[in-house]
Amino acid sequence: MAGRILVINHGAAFTVDSLKNNLTDAGFLVHITEPDRDLIRSYKESIDIILMYAGDYILNAADVMEYIRELCADEDKKFFVVGYPAEIEEIKKVISEHLIEKQFERPFDMKYLIQTLREYSQGMEEHKKSRHILVCDDDVMFLKMIKEWLSHKYQVTIVKSGMQALTYIANHRPDLILLDYDMPVTSGPMVMEMIRSESESADIPVIFLTGKSDKESVMTVMKLKPQGYILKTMSKKEIVAAIDHYFVTQLWNQVVANGEALREFRD
């Protein structure tokens with residue numbers, strides 16, 4: 001299967017039916033929905049790509065586009081647009097251009113659209129094979145920044161509170177959690193304690209994010225026995241290098257451990 005795609009449309013039934021047939025023939029699993037926030041939400045877990053076939057309806061669909069913006073920014077869905085130039089510009093008033101993977105102006109080349117979506121889908125499949133990092137921090141600007149820094153080599157999911165992190169972990173298993181130490185309501189240590197109390201999540205690695213670099217603060221963090229800590233004041237290069245180093249050393253430790261187990265088995 002090439003990928004999972006949701007086509008949002010209202011009123012262009014013939015063209016969209018043709019688009020669906022071509023996408024299906026290309027190996028995509030295709031869903032079609034009206035521009036309705038609740039309907040789109042119902043497909044959230046079963047799609048990777050959102051394709052909006054624009055029309056006059058976009059003038060009264062600000063809430064729908066705001067939700068799509070959230071899906072692209074927070075859930076890492078890929079967003080594509082088909083429409084006339086004026087329609088595309090209207091969409092950009094709500095959804096930032098950097099969240100639009102590609103736009104196809106009408107009249108569009110069906111073969112080019114299908115080929116482009118196929119290439120993006122193949123790239124997403126490769127990306128899914130990379131390590132998955134969950135970042136939890138109440139600082140939205142920091143979240144967006146660190147996601148941008150890490151997304152070129154890791155799959156990154158961001159959440160804004162400890163409870164959102166716990167809800168996410170209940171249904172997903174990241175390879176690493178970057179957890180803000182100081183958060184309101186549910187602090188980082190409280191979140192880590194709850195993660196460790198559940199057998200399904202107890203062994204998920206946790207690295208704390210902290211803005212405090214004094215010895216006493218660092219010792220307090222490390223007493224909780226996380227896999228490590230990262231200072232939020234570190235540069236992009238330093239943070240990426242620290243996470244790369246963690247995954248490399250963990251992989252090496254795993255290889256060594258497997259080697260020891262194999263020798264014991266042979267002996």
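- The residues D180 and K160 are annotated as not salt-bridged, no charged nitrogen and carboxylate oxygen being separated by less than 4.0 angstrom.
- Within the 3.5 Å criterion, the main-chain N or O of V94 finds a donor-acceptor partner in the side chain of R69.
- Side-chain contact between S161 and T186 is absent, with no heavy-atom pair separated by less than 4.5 Å.
- Considering only residues two or more places apart in sequence or on other chains, K232 meets the side-chain hydrogen bond (donor to acceptor under 3.5 Å, both in side chains) condition with D137.
- Using modelled atom types, one side-chain atom of Q227 and one backbone atom of V206 make a donor-acceptor pair closer than 3.5 Å.
- Counted by atom type alone, T33 and Y43 present zero donor-acceptor pairs between their side chains at under 3.5 Å.
- I230 contributes atom CD1, which lies 11.5 Å from atom CG of L179 (distance to the nearest 0.5 angstrom).
- The shortest side-chain heavy-atom distance between C136 and V191 does not fall under the 4.5 Å cut-off.
- Contact check on R196 versus E193 returns no salt bridge, with no Lys/Arg side-chain nitrogen under 4.0 Å from an Asp/Glu carboxylate oxygen.
- Under the ring pair (Phe, Tyr, Trp, His ring centres under 6.0 Å) criterion, Y67 pairs with no residue at all, not counting sequence neighbours.
- Looking at residues two or more places apart in sequence or on another chain, you find no side-chain hydrogen bond (donor to acceptor under 3.5 Å, both in side chains) involving K237.
- Ion pairing of D17 with K20 is absent here, as no side-chain N (NZ or NE/NH1/NH2) approaches a carboxylate O to less than 4.0 Å.
- Looking at E70 and K44, no side-chain N of the basic residue comes within less than 4.0 Å of a carboxylate O on the acidic one, giving no salt bridge.
- The shortest side-chain heavy-atom distance between Y168 and I177 does not fall under the 4.5 Å cut-off.
- Ring planes of Y112 and F104: perpendicular class, angle over 60° (limits at 30 and 60°).
- Side-chain contact between D36 and V64 is absent, with no heavy-atom pair separated by less than 4.5 Å.
- Contact check for E87 versus E90: no side-chain heavy atoms found under the 4.5 Å cut-off.
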